[in-house]
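For clarity, every value in this text was computed on a predicted model and none was experimentally measured. We count residues from 1, following the sequence as given.
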Amino acid sequence: EAWCNANYKFMRALHVWHLELPDEEVVALALFMESPLGANLMHLELVNGNISPWGHTRLAKSLKTCHLTNLHLDYNSIPVDCLANMCIVLQKDAALQVLSIRSCHLTASCGEALGTLAVLSGLRELYLDNNLLECEGATELFKLIAAFSENPAFPKPRLAKLCMQNNAIDENGKLGSLGPEVCMQLVKRWIVNSSDLIELDFDRNYIGDGGGKEIMEAMLQRKEAGLADFRMTVTPRMSCQIFSSIVELNATLGGSKGKKKKRQKRKKGR
């Protein structure tokens with residue numbers, strides 16, 4: 001409200017961390033974002049603000065009119081219906097490049113909404129660490145991404161970086177012991193078909209030997225296809241052979257161009 005009263009129109013980034021945001025404060029922020037004064041706002045971080053479900057709904061409404069490139073809502077509990085509503089709004093936003101919703105109590109029911117957002121928006125980086133998507137939610141997310149990645153009739157997802165540390169992607173969910181392998185089979189289809197993808201982080205998820213093997217094979221295929229540099233992070237709770245292969249492939253896929261450049265510089269120096 002103070003920014004509106006001061007007619008301040010040069011704000012490009014707003015970082016609000018560990019500050020309680022009751023509904024009236026969310027309304028004031030939303031009105032600022034919807035006004036001409038908020039037209040230059042590009043980067044918004046509302047971290048650990050204890051935003052209410054109503055506050056999330058009101059905030060999503062304001063996202064229709066502003067053009068953020070970075071949105072961080074970490075450590076706020078986001079109900080499933082609020083997340084679905086926000087994803088519908090953001091699907092039509094070509095400006096948004098980075099979305100971070102870490103530690104937001106997201107569950108398996110959020111998987112489909114996140115997958116739809118990933119394939120229909122221009123999003124480049126998505127951070128989902130420390131939620132509870134489990135194999136069921138992750139499968140719904142990757143099912144859409146895999147389908148859009150390999151079907152030439154669909155627009156290719158532009159997502160380049162996905163972080164999903166500590167999301168209970170393991171054999172303890174409803175899909176049982178086959179869950180991680182089924183999930184990683186979908187990830188494999190994405191890895192081998194996406195030239196945009198550069199990093200996946202599944203650390204602190206126990207995908208086991210079956211899931212690890214799918215990742216290893218995907219990285220081998222990506223290497224053979226000559227796709228862009230790629231990095232994969234997994235937890236080493238799988239066979240030593242599979243984990244070592246993934247580590248070696250990381251070095252190969254991420255370092256081949258750098259070695260070539262160094263060799264070229266040496267030749268020029270001579």
Any donor-acceptor pair under 3.5 Å linking the side-chain atoms of [Y] with those of [X]?
{"X": "Asn50", "Y": "Glu20", "result": "yes"}
{"X": "Arg204", "Y": "Asn130", "result": "yes"}
{"X": "Ser103", "Y": "Asp74", "result": "no"}

Is the ring centre of His43 less than 6.0 Å from the ring centre of His72?
->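 That pair passes the under 6.0 Å test.
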Between the side chains of [Y] and [X], is the shortest nitrogen-to-carboxylate-oxygen separation below 4.0 Å, so that they form an ion pair?
{"X": "Glu34", "Y": "Arg58", "result": "yes"}
{"X": "Asp201", "Y": "Lys161", "result": "no"}
{"X": "Glu199", "Y": "Arg231", "result": "no"}

Considering residues, nucleotides and ligands other than [X], do more than 12 of their heavy atoms fall under 6.0 Å from its [atom1]?
{"X": "Lys61", "atom1": "NZ", "answer": "no"}
{"X": "Phe230", "atom1": "CZ", "answer": "yes"}
{"X": "Trp54", "atom1": "CH2", "answer": "yes"}
{"X": "Gln97", "atom1": "CD", "answer": "yes"}

Going through the distances and angles, do Arg189 and Phe142 end up as a side chain to side chain contact (heavy atoms under 4.5 Å, CB included)?
-> CA-CA 9 Å; Arg189 289 162 55 188; Phe142 293 127; over 6 Å; no
Verdict with reasoning, Ile242 to Ile215, per side chain to side chain contact (heavy atoms under 4.5 Å, CB included) | CA-CA 9 Å; Ile242 294 175; Ile215 295 298; over 6 Å; no
Does Tyr127 share a hydrophobic cluster with Leu197, counting links as ILVMFWY side-chain heavy atoms below 4.5 Å and allowing steps through other members?
-> no
Test salt bridge (charged side-chain N to carboxylate O under 4.0 Å, His left out) on Glu214 and Lys188 and set out the steps.
-> CA-CA 6 Å; Glu214 296 294 336; Lys188 178 181 179 180; 3.7 Å; yes
Report the distance from atom OG1 of Thr116 to atom CD of Gln91, rounding to the nearest 0.5 Å.
->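 Answer rounded to 0.5 Å: 6.0 Å.
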Is the closest side-chain heavy-atom distance between Ile78 and Ile51 below 4.5 Å?
-> no
Taking side chain as C-beta onward, heavy atoms only, is Leu46 less than 4.5 Å from Leu29?
->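 Leu46 reaches Leu29 side chain to side chain.
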Considering the options Leu99, Val98, Leu123, Ile101, which one meets the side chain to side chain contact (heavy atoms under 4.5 Å, CB included) requirement together with Leu71?
->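 Going through Leu99, Val98, Leu123, Ile101 one by one, the side chain to side chain contact (heavy atoms under 4.5 Å, CB included) with Leu71 is satisfied by Leu99 alone.
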Side-chain donor/acceptor of Asn76 to backbone N/O of Gly49, under 3.5 Å = yes
Would you find a donor on one side and an acceptor on the other, under 3.5 Å apart, between the side chain of Asn250 and the backbone of Glu248?
-> no
Would you check, one step at a time, whether the test salt bridge (charged side-chain N to carboxylate O under 4.0 Å, His left out) holds for Asp196 with Arg124?
-> CA-CA 9 Å; Asp196 286 299; Arg124 296 288 290 167; 3.4 Å; yes
